[in-house]
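Report on one structure; see the data block that follows.
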Amino acid sequence: MTRREMMLLLGGAMAAPRAIRAQQKAMPVIGYLNGTSPAANAESLAAFRKGLSETGYDEGQNVAIEYRWAEFHYDRLPLLAGDLVSRKVDLIAACGGAGEALAAQSATSTIPTVFTVGADPVETGLVASLARPGGNLTGVAILNVELAQKRVEMISELVPQARVIGYLINANNSAIEPNTASAREAAGVRGLRLEILKAGAEGEIDAVFATLVQHVDALVVGDPLFNSRREQIVALAARYRVPAIYNWREYVAAGGLISYGTDVAAAYRQVGIYAGRILNGAKPADLPVQQPTTFELIINLKTAKALGLTVPPAILARADEVIE
């Protein structure tokens with residue numbers, strides 16, 4: 001073998017691994033944007049990962065996820081979204097509400113984004129229509145605005161003597177305002193007064209119950225801040241004997257009175273499925289925005305008895321689950 005042939009052979013051997021690496025597709029990266037915290041979002045995140053897995057993607061194996069948590073400081077969301085864009089992620093999962101989705105929309109018009117929102121995504125300008133979103137965004141609309149109204153109606157039906165309804169919100173979440181307006185409208189229709197109770201951090205929840213809750217006859221709880229503190233809130237509601245309605249079944253399983261809402265885990269699973277489909281080549285513009293078709297009403301009769309409440313037969317008849 002001549003020297004020239006030897007050099008060609010060695011050169012080919014060295015080039016082969018580089019060619020193989022170049023042909024191999026790099027692991028895609030999802031940017032997960034959420035206004036809450038890992039603890040508060042743990043169950044929803046597990047559902048998101050489940051949806052991803054159903055489309056063939058498992059974190060750490062063939063997809064990477066970069067997490068950005070606002071830790072309930074929702075004003076940080078635009079900066080966090082911009083950071084994900086600067087890192088050139090392949091997709092953004094803007095999970096939590098309109099704040100996350102709008103931050104992602106402002107940060108990029110090209111990176112595919114899948115959202116969960118409580119408000120109407122058409123009215124908020126996220127998509128052109130539910131059936132044909134257009135642009136780079138699609139996702140799931142959970143209908144939290146409408147549900148806020150229904151929860152006020154339901155707790156007033158369960159506690160007919162109530163005249164003042166408390167609405168417990170996160171003071172730092174400006175995206176909750178449409179829900180608040182919907183709840184206030186529902187209270188006004190029934191001749192009730194809605195009192196807004198604000199807790200800007202988990203440590204403020206005790207103070208809210210010790211002061212403002214004493215002036216309300218019933219309570220509506222519905223903000224992601226409180227999901228990781230549901231045992232604390234349920235215990236406080238029992239201590240102060242305040243009938244309360246929640247958004248998730250888990251509150252009622254922990255001893256809460258009643259919950260009414262969508263299956264949030266199913267919504268996050270759908271976001272994971274959409275994310276996987278987009279990574280496989282689908283376009284967000286062609287994936288219709290999903291909306292829940294079923295709503296869960298859960299009642300804890302033991303808690304109702306402890307509060308001295310008789311659950312109307314009409315509510316019992318509508319219940320999907322009764323805990324005794």
Side-chain angles (χ1 to χ4, degrees), residues 35-36 40-41 43-44 47 95-101 115-124 126 130 139-159 162 165-170 173-190 192 194-197 216 218-228 230 233-234 237 243-254 256-271 289-300 314-315 317-321:
T36 68
N41 194 246
E43 292 162 349
S44 297
C95 297
E100 288 87 343
F115 56 70
T116 59
V117 295
D120 186 327
V122 177
E123 290 185 2
T124 52
L126 290 169
L130 298 181
V140 182
I142 302 178
L143 306 178
N144 278 340
V145 175
E146 293 83 353
L147 288 172
Q149 190 171 30
K150 293 296 294 184
R151 291 183 188 115
V152 170
E153 294 172 357
M154 199 160 293
I155 195 67
S156 65
E157 185 179 350
L158 182 58
V159 190
I165 306 294
Y167 192 72
L168 182 60
I169 65 171
N170 176 6
N173 187 3
S174 59
I176 202 73
E177 178 53 35
N179 299 17
T180 305
S182 178
R184 186 177 285 112
E185 179 183 351
V189 168
R190 290 176 170 259
L192 307 174
L194 191 76
E195 183 167 338
I196 306 301
L197 311 175
V216 304
L219 182 66
V220 177
V221 179
D223 191 285
L225 167 66
F226 310 120
N227 293 338
S228 64
R230 55 178 171 261
I233 290 177
V234 166
I245 186 168
Y246 308 94
N247 53 352
W248 283 8
R249 177 194 181 279
E250 284 77 8
Y251 284 93
V252 183
L257 175 61
I258 185 172
S259 68
Y260 183 71
T262 60
D263 186 344
V264 177
Y268 274 75
R269 173 177 163 268
Q270 181 61 50
V271 170
V289 174
Q290 300 289 323
Q291 290 183 297
T293 57
T294 59
F295 303 91
E296 296 180 327
L297 172 61
I298 317 297
I299 302 170
N300 191 317
I315 293 182
R318 301 201 303 267
D320 296 281
E321 181 180 354

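A pairwise comparison of heavy atoms in I299 and I315 identifies CD1-CG2, 3.3 Å as the closest pair. Here the shortest heavy-atom pairing between Y167 and L219 reads N-CD1, 4.3 Å. Among all heavy-atom pairs drawn from A119 and A141, the shortest one is O-CB, 4.4 Å. Of all heavy-atom pairs between R151 and Y260, the closest is NE-O, 2.7 Å. When all heavy atoms of Q149 and A186 are compared, the pair lying nearest together is CG-CB, 3.3 Å. Counting all heavy atoms, side chain and backbone alike, I245 lies closest to S259 at CG1-CA, 4.3 Å.
For the pair V220 and I155, the minimum side-chain heavy-atom distance is below 4.5 Å. Proximity of Y246 to V234: side-chain heavy atoms (C-beta onward) are separated by under 4.5 Å at one or more points. Side-chain contact between T180 and I169: present, with at least one pair of heavy atoms (C-beta onward) separated by less than 4.5 Å. With a 4.5 Å cut-off on side-chain heavy atoms, T262 and L147 count as touching. Counting heavy atoms from C-beta on, the side chains of Y268 and T116 come closer than 4.5 Å. You'll find the side chain of P292 reaches within 4.5 Å of the side chain of L143, heavy atoms only. Considering only heavy atoms from C-beta on, E195 stays 4.5 Å or farther from I165 through its side chain. Residues F115 and V289 are in side-chain contact: their nearest non-hydrogen atoms beyond the backbone lie under 4.5 Å apart.
Q290 contributes no side-chain N or O that, together with a main-chain N or O of Q270, makes up a donor-acceptor pair within less than 3.5 Å. Side-chain atoms of N41 do not come within 3.5 Å of backbone N or O of T36 as any donor-acceptor pair. A distance-only check finds no donor-acceptor pair linking the side chain of N247 to the backbone of G261 [under 3.5 Å].
A salt bridge links R249 with E321: the distance from a Lys NZ or Arg NE/NH1/NH2 to an Asp or Glu carboxylate oxygen falls below 4.0 Å. Note on R318 versus E157: salt bridge recorded, some NZ/NE/NH1/NH2 to OD/OE distance being below 4.0 Å.
Evaluation of the salt bridge (Lys or Arg N to Asp or Glu O under 4.0 Å) rule for E296 yields no partner, not counting sequence neighbours.
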**OP:** Show the numbers, then the answer: is there a side chain to side chain contact (heavy atoms under 4.5 Å, CB included) between T294 and D263?
**Re:** CA-CA 8 Å; T294 59; D263 186 344; 5.8 Å; no
Subject >> Steps toward side chain to side chain contact (heavy atoms under 4.5 Å, CB included) verdict (Q291, V140) >> reply: CA-CA 6 Å; Q291 290 183 297; V140 182; over 6 Å; no
Original post:
What do the steps show when you test L257 against N300 for side chain to side chain contact (heavy atoms under 4.5 Å, CB included), and what is the final call?
Top reply: CA-CA 5 Å; L257 175 61; N300 191 317; 5.6 Å; no
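With rounding to the nearest 0.5 angstrom, the CG atom of D120 is 9.5 Å from the CG atom of L126. A distance of 10.0 Å separates NZ of K150 from CG of L297, quoted to the nearest 0.5 Å. Taking CG of L194 as the start and CD of E185 as the end, the distance is 11.5 Å to the nearest 0.5 Å.
Other residues, nucleotides and ligands place more than 12 heavy atoms under 6.0 Å from the CZ atom of R230.
If you check the side chains of R190 and S156, you find a donor sitting under 3.5 Å from an acceptor.
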